**Student:** 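First, the structure itself, so that you have it in front of you.
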Amino acid sequence: MSPPQQPSSTNPNSLKIRLTHRFLHNLNNLNKKRSNLDNTQIHQRYNRVKLAAYASMAHVVGSRRAWSRAILWKIRNRKVSTRHKRVDHKPTNHHHARSIKRRTTNHSNPKREYVDPNGNSGQEVKLRKLVPGVETMDACGLLDETADYIKCLATQVEVMRNLVDLFSTI
Amino acid sequence: MSTRRSRSTQSASRISDDQINDLVSKLQQLLPEIRTHRSDKVSASKVLQETCNYIRSLHRDIDSLSDRLAELLENADPTQASVIRSLLMQ
């Protein structure tokens, strides 16, 4: 009945191990793709690593959850917009791509006309902003998605910490 | 349409009040600080607030860790990553 402290360490198919595999796979692709160009653009690399982290989280969970679907959708749209960006290389295009991303993620009601129950309005609205894909969900679904999102985020952070330790000691 | 929404939220709050409390307590278990304190019922708004703070701190962690990983990847030998991966696959 008591929830295990570390449920992921014993099960071979556990979330942590699947996340590690996927994240390393994405990092390897990152290395292969950019190994000949842009080695000094560390900010770009940082963005790609961050993107790889969220992408591996979303891919491992798949379409089972609203937040992972939202992340996958965002990534797919981002890929399309960066493909257009690569044609021109103008700073205005970058701004345009960013505004597209913001506009599409707010495609539901931007005015916050929710009927917030029990005076939880401030917190619930903040939570809806933090967890992707839950803008139009009811309270139950929102809490459920939040719990799953937190679990995956914490596991991803653990995986990344382990990798940093591993890479820094080799 | 407003009556339909109020009716659905009323019935939802009547039926799934326990469900919401259940989910809130489940969230509470996941949060690192509240879990170590007394396991009595903490107020739902406090749990939500701690959840928001926790999510934000996790996002910041991911940012800082990907920063360090980016630095390390730049200096690391590209064969090391494949070695590590092959070790983990087994």
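Here is the naming used below: chain letters follow the sequence lines, and residue numbers restart at 1 for every chain. This structure is a prediction, so every number in the text was calculated from the model and none was measured.
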**Student:** Donor-acceptor check, side chain of A:Ser56 to backbone of A:Arg22, threshold 3.5 angstrom: yes or no?
**Tutor:** no
**Student:** Hey, which of A:Val49, A:Thr146, A:Asn47, A:Asp138 has the most heavy atom pairs under 4.5 Å with chain B?
**Tutor:** A:Val49
**Student:** With side chain to side chain contact (heavy atoms under 4.5 Å, CB included) as the test, would you mind laying out the steps for A:Leu24 and A:Leu163 before giving the verdict?
**Tutor:** CA-CA 9 Å; A:Leu24 278 178; A:Leu163 278 178; 3.8 Å; yes
**Student:** Please classify the contact between B:Asp63 and chain A as side chain, backbone, both or neither, with a heavy-atom cut-off of under 4.5 Å.
**Tutor:** both
**Student:** Which bit of B:Leu27 is near chain A, if near means a heavy-atom gap under 4.5 Å: side chain, backbone, both or neither?
**Tutor:** side chain
**Student:** I'd like to know whether CZ of A:Arg69 has more than 12 heavy-atom contacts from other residues, nucleotides or ligands below 6.0 angstrom.
**Tutor:** yes
**Student:** Is A:Ala154 close to chain B through its backbone or its side chain, or both, or neither, when contacts mean heavy atoms under 4.5 Å?
**Tutor:** both
**Student:** For A:Glu135, does its backbone N or O pair with a side-chain atom of A:Arg128 as donor and acceptor, under 3.5 Å?
**Tutor:** yes
